[in-house]
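What you see below is based on every heavy atom in this structure, not just the backbone, and it leaves out hydrogens, waters and symmetry mates.
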Amino acid sequence: MISIIFGKTKPINFIIVYSFLFVFYWFAHYYLFQRVYEPFDLIWHVFILAVLFFSVFLVNFIVKRNKVTGLNSYAILFYGLLVVIFPETLIDSNAVFCSFFLLLATRRLISLRSLKNIKFKIFDATIWILAASLFYDWALLYMILVFAAIYFYEPKNIRNWLVPLAGAFTVVVITECVLVLANNQQFFVEHYTFRASFDVDYFSYWGHSSKLVLFALATFVAGLLAFLKLGKAGFGKVVTMRLIAFSFVIGLVLNVFMLTDNVYPVMITFFPSVVFMTKYVESLRKANMREIVLMAAVIIPFLVLATGIAIK
């Protein structure tokens, strides 16, 4: 049943995922975390929800446009299910915005495989990553991904290595102008502190630590199987998967540095995770086995959510 619905790319799949995320977003805020908002705050949260919806659209666009996965909607399905496993990330607006800009950067880096307009794509990716760092300072680690992409695709062109500097200069100048108008010129000094706020108490609670560890292990296993299935795939596909794997590792490092009771950046790791999970499901040739795996993938997140509510 699940494979029949999400095994193809149809508008109904977006309607299902969007409807679910809309309901679950407010459920998480009002019931799980018991937040209370003023009318003006609701407008802000509607905007955040719109960004989340557009992020789902971007996930689907990236994997389809660059042929990262097959012609199915498993990626957006897994994205919605990961939100159920980590509902706390919905109350951190910085996670939603940072993830959104990193998706835009990832889109440009993956599209480098065409070897067209390389400098423009590097420039765009740099700008989007620096924009993401305005929400989480450690998001600057994703600049490693930019230099990795340059190394993989066109390392001998020296000008490619200088393009990120031009992108950084552009973002700094524009941001500084906005800060001057907003009379907040101390933002750079106060924001980019790069403190590793590792919260031992947070991770000592099994509900937090076990979820992240099991999520990382499941993604690594799916990623390993995805690489094994590549076989004699072309250079472009292999490099794309490498960049996605690097993205996941960087996201995990950022999570370890920043994850506390008030900051939940795990959403930035959702994209590489859903790609690997989708590749694994696609590798299952038996329809019955694929259906069983998909059913388990749907049931397990809600069991995790129910367990978290029960022990809360």
Side-chain angles (χ1 to χ4, degrees), residues 55 57-71 75 98-134 136-175 192 219-220 222-224 226-254 268-276 278-279:
S55 297
F57 172 81
L58 274 176
V59 169
N60 185 74
F61 179 82
I62 294 170
V63 297
K64 298 298 179 296
R65 182 66 178 269
N66 298 283
K67 299 180 180 179
V68 180
T69 65
L71 295 176
C98 184
S99 175
F100 170 71
F101 285 114
L102 289 177
L103 282 172
L104 292 173
T106 301
R107 168 181 170 267
R108 298 304 276 169
L109 292 176
I110 291 179
S111 66
L112 284 173
R113 63 188 293 181
S114 68
L115 299 180
K116 297 178 181 178
N117 301 318
I118 289 180
K119 295 180 183 61
F120 289 110
K121 292 175 181 178
I122 294 172
F123 182 80
D124 289 348
T126 301
I127 286 179
W128 294 132
I129 289 173
L130 292 175
S133 74
L134 296 175
Y136 291 142
D137 55 351
W138 281 108
L140 282 178
L141 287 174
Y142 279 89
M143 286 303 300
I144 297 173
L145 210 59
V146 175
F147 292 111
I150 296 172
Y151 175 78
F152 286 141
Y153 287 110
E154 200 176 57
K156 295 182 180 179
N157 191 332
I158 302 300
R159 285 178 294 181
N160 289 340
W161 297 94
L162 300 177
V163 170
L165 295 178
F169 177 77
T170 301
V171 173
V172 169
V173 170
I174 294 175
T175 306
Y192 290 98
T219 302
F220 276 123
L224 178 61
F227 274 102
L228 292 176
K229 292 292 182 179
L230 283 176
K232 297 181 180 179
F235 175 76
K237 287 188 176 181
V238 173
V239 171
T240 295
M241 296 302 289
R242 287 178 182 175
L243 290 175
I244 292 172
F246 286 161
S247 174
F248 184 72
V249 172
I250 294 171
L252 286 182
V253 172
L254 189 150
I268 64 176
T269 63
F270 284 3
F271 175 74
S273 180
V274 300
V275 168
F276 291 143
T278 300
K279 297 294 286 185

Write down the atom of [X], the atom of [Y], and the distance for their closest heavy-atom approach.
X: S273; Y: T219; value: OG-OG1, 3.0 Å
X: C98; Y: A139; value: SG-CB, 4.0 Å
X: G167; Y: I127; value: O-CG1, 4.1 Å
X: K121; Y: S111; value: NZ-O, 2.8 Å
X: Y142; Y: G251; value: OH-CA, 3.2 Å
X: T278; Y: V274; value: OG1-O, 2.7 Å

Please walk me through it: do I244 and F276 pass side chain to side chain contact (heavy atoms under 4.5 Å, CB included)? CA-CA 9 Å; I244 292 172; F276 291 143; 3.9 Å; yes

Considering only heavy atoms from C-beta outward, does the side chain of [X] approach that of [Y] to under 4.5 Å?
X: W161; Y: Y151; value: yes
X: F220; Y: F248; value: yes
X: P164; Y: I150; value: yes
X: L58; Y: F271; value: no
X: K119; Y: I122; value: no
X: L254; Y: I268; value: yes

Can you tell me how far the [atom1] atom of [X] sits from the [atom2] atom of [Y], to the nearest 0.5 Å?
X: Y153; Y: L112; atom1: OH; atom2: CG; result: 6.5 Å
X: W128; Y: S133; atom1: CH2; atom2: OG; result: 13.0 Å
X: F147; Y: M143; atom1: CZ; atom2: CE; result: 4.5 Å
X: L145; Y: F152; atom1: CG; atom2: CZ; result: 9.0 Å

Enclosure of Y192 OH (heavy-atom neighbours >12, cutoff 6.0 Å):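 Yes, the 6.0 Å shell around OH holds more than 12 heavy atoms from other groups.
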
Take I129 and V146, measure what side chain to side chain contact (heavy atoms under 4.5 Å, CB included) needs, and give me the verdict at the end. CA-CA 9 Å; I129 289 173; V146 175; 3.4 Å; yes

Donor-acceptor contact present, side-chain [X] to main-chain [Y], <3.5 Å:
X: S247; Y: L243; answer: no
X: K279; Y: V68; answer: yes
X: N160; Y: E154; answer: yes
X: R113; Y: N66; answer: yes

Check: residues 101-110 side-chain donor-acceptor pairs under 3.5 Å, at least two apart:
unit_1, atom_1, unit_2, atom_2, d
T106, OG1, L102, O, 2.8
R108, NE, D124, OD2, 3.1
R108, NH2, D124, OD2, 3.0

